[in-house]
Each structure stands twice: as structure tokens, then as C-alpha cells.
2 protein chains.
Amino acid sequence: MSSVTKENGTKGTRMRAEDRRELILKAATQVFGDYGYFGTTTAVVARAAGVSQPYVVRVFGTKEKLFLEVLQRALDLLMHEFRAALAEESDIPLADRMGLAYVGLASNRGLLLSLMHGFVLGRDPEIGPEARKGFMCVYRFLRSEAGFDADESQRFLAGGMMINTMIGLRMTDDFDRDADVRELLHAAFPQKLDVLLALAEPPIAERNGARA
Amino acid sequence: MSSVTKENGTKGTRMRAEDRRELILKAATQVFGDYGYFGTTTAVVARAAGVSQPYVVRVFGTKEKLFLEVLQRALDLLMHEFRAALAEESDIPLADRMGLAYVGLASNRGLLLSLMHGFVLGRDPEIGPEARKGFMCVYRFLRSEAGFDADESQRFLAGGMMINTMIGLRMTDDFDRDADVRELLHAAFPQKLDVLLALAEPPIAERNGARA
DNA sequence: TAGATTGGTTATTGGTTGATTACTTAGCAC
DNA sequence: GTGCTAAGTAATCAACCAATAACCAATCTA
């Protein structure tokens, strides 16, 4: 087809490269979140973004660079939310405010999970160093800007990793089926569990692209 | 070569299928731990185990079944250690004993990380349900056998996910370079940090097999 | 409205990868 | 030793994937 009609609804009128780039980053965040770095193909990302596969590669150079940009963008959004929670006037304790901000990020599809996928690839020579840098960036924020001590910071991060794991496991899928799951999720998400349960999140693609 | 000489040292005299199978599972645990499910190829697992690639496939049927067996084996070992810590007579509080047992599992190369890679693939139609089942198995143990309440259990698991993340990130690689890393790791590993630092763990393969 | 620029596409390819098929040989029973 | 069974290997393949090359058409500008 020469007249472009994207399947994601947006008519294929031309876009400024910068906007299209952001659109691809959003799509890539979702797909990487679902299948991880190695499980994701540029073709699936392209389809999710409504562009051709070679275009994805041309805009970002390589799949690896695309993933690194996804990580960076996710971290930027995360830090933005944390700073907003820090600046906010409220009676709620800071740790709780930031916890709420963190859970809120779960509604940004794939964002926390892409980060988590990066965190478990520390062995990779390109991804590993960036992932460590990103994680430590959050830690330093907690220590110096948020005013947490080392142990508070560690516990806050542990809670975050727990949340990431619950999302990654898609534990909410068993919420109706298993009372223990309900109990665990209520403990892991003292507030805002409803937000998480509201996210049905159908798979991004029928997995016809990525490898088995 | 017709006379078999494995590169892992063990001479290639024939082995009982059961033993060879366990040997492949060990090797697969290491490789899956390093690169995750999609990032691992059966050829790399085979080389690490000192057998041919088709043999790996023939013993386990598919790569997916191999990964599921790796997860099950890891969980069995984990539960075994937890039950041992529970049975143990000691003045140390149970949670601490189990925490120590957990960190001790880090010396079993790839074991905790393979689990973590499974936990983050909850979307996969085969792996997801098994991963959730395994995670909930641990939670139920904490609740009913270890006698923890819901919140204690959740915090214990959060600590575990934090440990997994630190290992996955290979945070110890920056231990000498970054004071903040030292502080964080001391907070995350109140005891037994030395054990973690002792694990240098060279990469399992020169990554000539798995995909970029 | 000609021409340049920018935002895309189609076609293609070399290298992997999981899996299948067919073949070989070590070790045991007798 | 002879034959049977179990423990492997070598050869091969169809599918897939990231990346490259070549081309095309909107939109802006002079």
C-alpha cells in the first residue's frame, strides 16, 4: 500500500520525525516490557508503532540502542514523578507519596517492566552498565534529595522491586481465582491496588514475530 | 572427534541418562541466569554442558520445557533450603535464618536469576502460569509453615526480589568503584555480603551463539 | 511550480536458531 | 564374542531476524 493507513488508528499523514520517534519509543516500551530485550523483535515494535521494520532500525540505529533509549526514557519519567511527589505539599509521609507515584507509573504500559528487564541483564556489556547507572541514580536521589537513610532507601527500593515482580508475573491474572494471591497483593499494594487491577492489558501482538 | 572429550573436564565416557540430564540442567541454569529465556540458545547450553545441541533438545523436548524444568529444579532447591532453615535449632530469628539461606543460594550459579527471569515473563502463556505457581508456593510456605503474617511475608519476599535485582544487575561489579554502591549493598545484604563478593563468575560463553 | 528536504516504504540478505532425521558406538547380558 | 539397548553425534533445514540498499512521495521553500 502506498497510501499509508496505520492499523493503530492514526491515519498515516506524515509526522514530524520527533513525534514519530516518541511514538515508536512508546510502542517499544510496551513490547520490551512484555517480552524483554531478547524476546522482542524490531518487527513487532514496528507493527505496534504502525511503521515499517526498517524505519525503526533507521531511526535508532540498532535494536540495542532502541532498548537503551527506552530505559533512559523510563528512568526520566520515573525521576520526574518522584521529584513531583517530593515537591508536593501534603500531610502524607514522603515515602508513601513516592510509593503512590511509583505505583501510578504502572499505568504507563511496559514502563516499569522494561526497566526490570534491563535490571536482570547486568551481564550484558552494553546494557549492564547503563542499567546499574540508572538504578544508582534512583538510589542517590533517595539518599540525597529525598533525605532517606541507607536502610530506608534500601527498603523503599525493595518494595519497588516487589511491585515490579508482581506486575511482571501478572499476578493480578489470578486475583479472582486465588485467595492467597488477593492477600499477597493487598500486602504489596496497601493503596492503589485498584489501579493495578483496572489494567487489563491485552498482549501487544499475537506473537507472530518474536522468536519461540 | 569420535572419542568424546568434553571441554568441561569430565571425560566423555558414557553417562547414565539421568546424570547427564542433571548436568545439562545445571548448565542451563547458568546460561538462562545470564541471558534469560529468549536470550539463551540451546547451542550455548549444549556447549556449557559438553554435549551436542540436538541432544539437549532430545532430552527435554523443547527449549521451553527445558526452561520450565530449570525453574522447577530451582524452586525445589529453594524450598529445600527454606525447610532446612525452618527445622534448624538456633537462637537466630527464623526470618534471618531464612534470609541467610536465601543469600546462600546465590552461590549456586544462575539459580536465583533463572527464577527472576521467569518471574518477569508472566505474560508468556506457558511460562507465566508456572512462574506464578512457583512464587505463590513460596508465599504459602511463609504463611502456613514459617508462621509469618501477610505483611511479614510480603516484606520477606520484597527483600528477596531486591537481592535478585542486585545480583541481576551485577551490582558487585561496581563495588570497588562507587561508595554509594557499597552503602547500598551493605544495606541490602546485612550479612553474607562477602559471599556475594567472592563470586567472580566469568561469563558462561563468549556469546558466539545467542542472538544480538 | 521546480527543486530540495524529510519522512517514510519495499525488497533483500547473511547469519542464527530450534528442531528433525539418520547414523554411530559404548557397555551390558548371555 | 555376539547381539541388543541406551547414549550419544553429525548433517541438515525451514523459519526468523536485524540490518542494508534502493527507492518514493509529502511538504516546505524560493
Side-chain angles (χ1 to χ4, degrees), chain A residues 1-8 10-24 27-28 31-32 35-68 126 205-212, chain B residues 1-8 10-24 27-28 31-32 35-68 126 205-212:
Chain A
M1 46 180 163
S2 84
S3 181
V4 217
T5 307
K6 308 307 178 189
E7 63 184 28
N8 64 355
T10 67
K11 275 290 180 191
T13 52
R14 280 211 181 176
M15 214 173 253
R16 282 180 17 233
E18 197 185 336
D19 296 341
R20 185 71 76 188
R21 185 187 168 87
E22 176 65 18
L23 206 145
I24 296 174
V31 182
F32 280 127
Y35 305 111
Y37 174 65
F38 291 111
T40 294
T41 71
T42 55
V44 171
V45 170
R47 196 165 327 122
V51 297
S52 66
Q53 178 263 332
Y55 191 58
V56 171
V57 174
R58 214 187 51 179
V59 171
F60 295 93
T62 64
K63 174 177 138 178
E64 190 173 65
K65 285 177 186 160
L66 169 60
F67 185 63
L68 290 174
E126 308 295 325
E206 307 74 34
R207 192 116 194 83
N208 50 351
R211 123 175 340 271
Chain B
M1 47 179 164
S2 84
S3 182
V4 216
T5 309
K6 308 305 178 189
E7 65 186 25
N8 63 353
T10 65
K11 274 292 181 190
T13 52
R14 272 196 191 191
M15 215 174 250
R16 278 173 26 224
E18 197 185 335
D19 296 340
R20 185 72 75 190
R21 185 187 169 89
E22 175 65 17
L23 205 146
I24 296 174
V31 182
F32 280 126
Y35 304 109
Y37 174 64
F38 291 111
T40 294
T41 71
T42 55
V44 171
V45 170
R47 196 166 326 120
V51 297
S52 66
Q53 179 264 336
Y55 192 58
V56 170
V57 175
R58 214 186 52 179
V59 170
F60 295 94
T62 65
K63 174 178 141 178
E64 190 174 66
K65 284 178 185 160
L66 169 60
F67 185 63
L68 289 174
E126 308 295 325
E206 306 75 38
R207 189 114 197 91
N208 50 352
R211 116 177 349 267

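Each chain gets a letter, A, B and so on, in the order its sequence line appears, and its residues count up from 1. Side chains are part of it too, since the values below use all heavy atoms of this structure and drop only hydrogens, waters and symmetry mates.
Residues passing the ring pair (Phe, Tyr, Trp, His ring centres under 6.0 Å) test with B:Phe32, sequence neighbours excluded: B:Phe67. Among residues two or more places apart in sequence or in another chain, the side chain to side chain donor-acceptor pair (under 3.5 Å) test is passed with A:Arg58 by none.
Counting to the nearest Å, the P atom of C:dG18 and the NZ atom of B:Lys65 are 16 Å from each other. Summarising the geometry, the separation between CE on A:Met15 and C1' on D:dT27 is reported as 15 Å, rounded to the nearest angstrom. Computed from coordinates, the B:Glu18 CD to D:dA6 C1' distance equals 14 Å when rounded to whole Å. Put simply, CZ on A:Arg47 is 12 Å from C1' on D:dC16, counting in whole angstrom units.
B:Ile24 is listed as a side-chain neighbour of B:Tyr55, based on a closest heavy-atom distance under 4.5 Å.
For the pair B:Arg16 and D:dA6, the criterion of a side-chain N or O lying under 4.0 Å from OP1 or OP2 is not met. Contact between the side-chain N/O atoms of B:Ser52 and the OP1/OP2 oxygens of D:dG8 is not found at any separation under 4.0 Å. Under 4.0 angstrom from either OP1 or OP2 of D:dT9 there lies no side-chain N or O belonging to B:Tyr55.
Without hydrogens or angle criteria, B:Lys65 side chain to B:Val59 main chain gives no donor-acceptor distance under 3.5 Å. Of the possible polar contacts, one joining the B:Lys63 side chain to the B:Tyr37 backbone as a donor-acceptor pair under 3.5 Å is found.
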Which pairs, protein N/O on one side and nucleotides 21-24 of chain C N/O on the other, fall under 3.5 Å?
none

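For B:Thr42, counting side-chain heavy atoms from C-beta on, the closest listed nucleotide (C:dT9, C:dG18, D:dT9) is C:dG18.
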